[in-house]
Amino acid sequence: MTSLRALKGMCDILPDEVGRWQHVERVCARTMSLYGFREVRTPYLEPTPLFVRAIGESTDVVDKEMYSFEHHAEALTLRPEGTAGAVRAYIEHAVQAREPVTRWWYLGPMFRAERPQRGRYRQFTQVGGEIFGDEGPGTDAEIIDMLVRLLEALRVPGIEVSVNTIGGQAARGRYRQALVEHLTPKAADLSADSQRRLLTNPLRILDSKDERDKRATHDAPTIADFLDPGDAAHFSKLRAHLDALETPYWVDPHLVRGLDYYTRTLFEIKGAPEKLGAGSTIVGGGRYDGLVADLGGPAVPAIGFAAGLERLLIASTFEAPSSGVDAVVAALGDKARERGLVVARELRRAGVRCEVDTRGSSLKSQLRRANALGARMVLIVGDSELEDDTVQIKDLGAHSQERLDRSQAIRITVDRLRDAGRTLDPVGETP
């Protein structure tokens, strides 16, 4: 019989790995809260036209990577990114009528049928944020600075920020034409993908990693020569704000993003190149001032960003917090197991993560289990402890053991765990 395995490009996250995931999620949530972002949760499944209109029909995401299907003649797609769904929700619920500026963040799975590689999967987890109603550039600078602080909090080495502007629609149109005129005589020297993009999305050629494309674009014109005065002033102020924040950055005139909705500010942040290699971009984003109107909403400026958690985890150097338990209740005998369940419930009421071994294992086996789970304390209940309502507590960190009244044993266990730096979160009795 053929063994069942996870689909290619999708992976399991086992309990031993979850501790690092939870730490990154907590740091992201805390950072977003400090900067005034509120969490939004949108569906995983959206109408396919939403992504075609928002991202662009000629982009690789829409052209090659979306998981789309029809159900009862309705075209549906598993979300490949978070911005389009957030904008759809913003418009549908007329959020602009209630607040002049909206800051949302989200965290959850996205889906792209691309070639799996290190840190990139077909189902991946993304943290992102959107700000609606502020045309910047102070907002742009604040987001970039916030993301640098987030990566520093996660101990990502080698952080490098690159910024660029692609101007408004008029400047982008002029630049697109100039780029096509520059690259058309060199079309035969381009990669197959870039030859196709020359007709559909020429700006994406600037982002190509293929050496043939890099040679062809080396002396290409830059967007700076085509900006409107307003676009140039916006970018100049962004740089001034980043300088004031003392956020290091460099201007990359070839920086573009793979989605059609971007205008003006673009940015990428790289890190941990020794772990991620040449493709060391961890987070990216930019301004999309026309997208809300393009999707049927009011003319509201916006900017957003996104980062893949898988790549954040590879790049980060923090130690994994324990995802085990604080205490194990070792019950020896049938009656003792009943008392052990009661002791465990009392520990959990006090916020202690604990496990009871109800298999009838020996004390030696249960102590091995406690060590494997990372428990600091073991509470032992046997026949003699049942007679006088006591519990033996064994402190594995201090290598000590004592026999105490049951209520006292609970209190001492909680105190020892707190002294050892364990975080306890009393939640009351579980219904």
Please list, chain by chain and in numerical order, all residues satisfying salt bridge (charged side-chain N to carboxylate O under 4.0 Å, His left out) with [X], sequence neighbours excluded.
{"X": "Lys186", "answer": "Asp219"}
{"X": "Arg176", "answer": "none"}
{"X": "Asp228", "answer": "Arg174"}
{"X": "Arg30", "answer": "none"}

Can you find a pair of side-chain heavy atoms, one from [X] and one from [Y], that are under 4.5 Å apart?
{"X": "Leu78", "Y": "Glu46", "result": "no"}
{"X": "Leu150", "Y": "Met146", "result": "no"}
{"X": "Tyr106", "Y": "Val127", "result": "no"}
{"X": "Ile282", "Y": "Leu151", "result": "yes"}
{"X": "Ile143", "Y": "Phe267", "result": "yes"}
{"X": "Arg122", "Y": "Phe111", "result": "no"}
{"X": "Arg38", "Y": "Met32", "result": "no"}
{"X": "Val40", "Y": "Thr42", "result": "yes"}

Checklist entry - What pairs of residues pass the ring-ring contact (aromatic ring centres under 6.0 Å, His included) test when at least one of them lies in residues 203-257, not counting sequence neighbours? => result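 Qualifying pairs, neighbours excluded: Tyr175-Phe226.
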Checklist entry - With Val329, which of Leu347, Thr358, Val378 fulfils side-chain contact (heavy atoms from CB on, under 4.5 Å)? => result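 The passing option is Leu347.
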Checklist entry - Step by step, would you call Asp189 with Arg215 a salt bridge (Lys or Arg N to Asp or Glu O under 4.0 Å)? => result CA-CA 9 Å; Asp189 299 326; Arg215 287 193 293 270; over 6 Å; no
Would you indicate whether [X], at its atom [atom1], is surrounded by more than 12 heavy atoms from other residues, nucleotides or ligands within a distance under 6.0 Å?
{"X": "Glu274", "atom1": "CD", "result": "yes"}
{"X": "Lys275", "atom1": "NZ", "result": "yes"}
{"X": "Glu246", "atom1": "CD", "result": "no"}
{"X": "Lys8", "atom1": "NZ", "result": "no"}
{"X": "Glu135", "atom1": "CD", "result": "no"}

Can you see which heavy atom on [X] is nearest to which on [Y], and at what distance?
{"X": "Ala306", "Y": "Val283", "value": "O-CG2, 3.2 Å"}
{"X": "Leu276", "Y": "Ala315", "value": "CD1-CB, 4.2 Å"}
{"X": "Leu255", "Y": "Leu266", "value": "O-CD1, 3.5 Å"}
{"X": "Thr317", "Y": "Pro157", "value": "CG2-CD, 4.1 Å"}
{"X": "Ile144", "Y": "Ile269", "value": "O-CD1, 4.2 Å"}
{"X": "Val328", "Y": "Ala375", "value": "CG2-CB, 4.1 Å"}

How many angstroms lie between [atom1] in [X] and [atom2] in [Y], if you round to the nearest 0.5 Å?
{"X": "Leu373", "Y": "Arg368", "atom1": "CG", "atom2": "CZ", "answer": "13.0 Å"}
{"X": "Asp140", "Y": "Asp145", "atom1": "CG", "atom2": "CG", "answer": "12.5 Å"}
{"X": "Asp134", "Y": "Arg103", "atom1": "CG", "atom2": "CZ", "answer": "7.5 Å"}
{"X": "Leu107", "Y": "Leu309", "atom1": "CG", "atom2": "CG", "answer": "5.5 Å"}
{"X": "Arg196", "Y": "Leu199", "atom1": "CZ", "atom2": "CG", "answer": "9.5 Å"}
{"X": "Arg26", "Y": "Thr31", "atom1": "CZ", "atom2": "OG1", "answer": "12.5 Å"}

Can a salt bridge be assigned to the pair [X] and [Y] using a cut-off of 4.0 Å between side-chain N and carboxylate O?
{"X": "Glu81", "Y": "Arg112", "value": "no"}
{"X": "Asp326", "Y": "Arg422", "value": "yes"}
{"X": "Glu346", "Y": "Arg348", "value": "no"}

Checklist entry - Ser361: what forms a side-chain contact (heavy atoms from CB on, under 4.5 Å) with it, not counting sequence neighbours? => result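 If we apply the side-chain contact (heavy atoms from CB on, under 4.5 Å) test to Ser361, skipping adjacent residues, the hits are Asp357, Arg359, Ser365, Gln366.
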Checklist entry - With sequence neighbours left out, what residues match Leu183 under side-chain contact (heavy atoms from CB on, under 4.5 Å)? => result Leu179, Leu198, Ile205, Ala216, Thr217
Item to check | Check against salt bridge (Lys or Arg N to Asp or Glu O under 4.0 Å), Arg20 and Glu319 | outcome: CA-CA 8 Å; Arg20 297 193 82 239; Glu319 294 184 6; over 6 Å; no
For residues 411-420, run the donor-acceptor check on the side chains, cut-off 3.5 Å, and write out each pair with its distance to 0.1 Å, sequence neighbours left out.
residue : atom : partner : partner atom : Å
Thr413  : OG1  : Ala409  : O            : 2.7
Arg416  : NH1  : Asp395  : OD2          : 3.4
Arg416  : NH2  : Glu402  : OE2          : 2.6

Can a donor-acceptor pair be found, under 3.5 Å and without considering hydrogens, that links the side chain of [X] to the backbone of [Y]?
{"X": "Thr165", "Y": "Gly167", "answer": "yes"}
{"X": "Gln195", "Y": "Leu190", "answer": "yes"}
{"X": "Thr125", "Y": "Gly108", "answer": "no"}

For residues 91-98, please give each side-chain donor-acceptor pair under 3.5 Å, one per line with the distance, not counting sequence neighbours.
residue : atom : partner : partner atom : Å
Glu92   : OE1  : Arg88   : NH1          : 3.0
Arg98   : NH1  : His93   : O            : 3.0

Item to check | Results of ring pair (Phe, Tyr, Trp, His ring centres under 6.0 Å) for Phe132 - residues two or more places apart only | outcome: Tyr90, Trp104
Checklist entry - How would you list all residue pairs meeting salt bridge (charged side-chain N to carboxylate O under 4.0 Å, His left out) that involve residues 150-161, not counting sequence neighbours? => result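 Salt bridge (charged side-chain N to carboxylate O under 4.0 Å, His left out) check on residues 150-161 returns Arg149-Glu152.
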Next on the checklist: Between Thr139 and Glu142, do the side chains contain a donor N or O and an acceptor N or O under 3.5 Å apart?
Outcome noted: no
Next on the checklist: Is a donor from one side chain sitting under 3.5 angstrom from an acceptor on the other, for Ser162 and Asp252?
Outcome noted: no
Could you list the donor-acceptor pairs under 3.5 angstrom formed between side-chain atoms of residues 288-303 and any protein atom two or more places apart in sequence or on another chain?
residue : atom : partner : partner atom : Å
Tyr288  : OH   : Glu130  : OE1          : 2.5
Asp289  : OD1  : Arg287  : NH1          : 2.9
Asp289  : OD1  : Ala302  : N            : 3.2

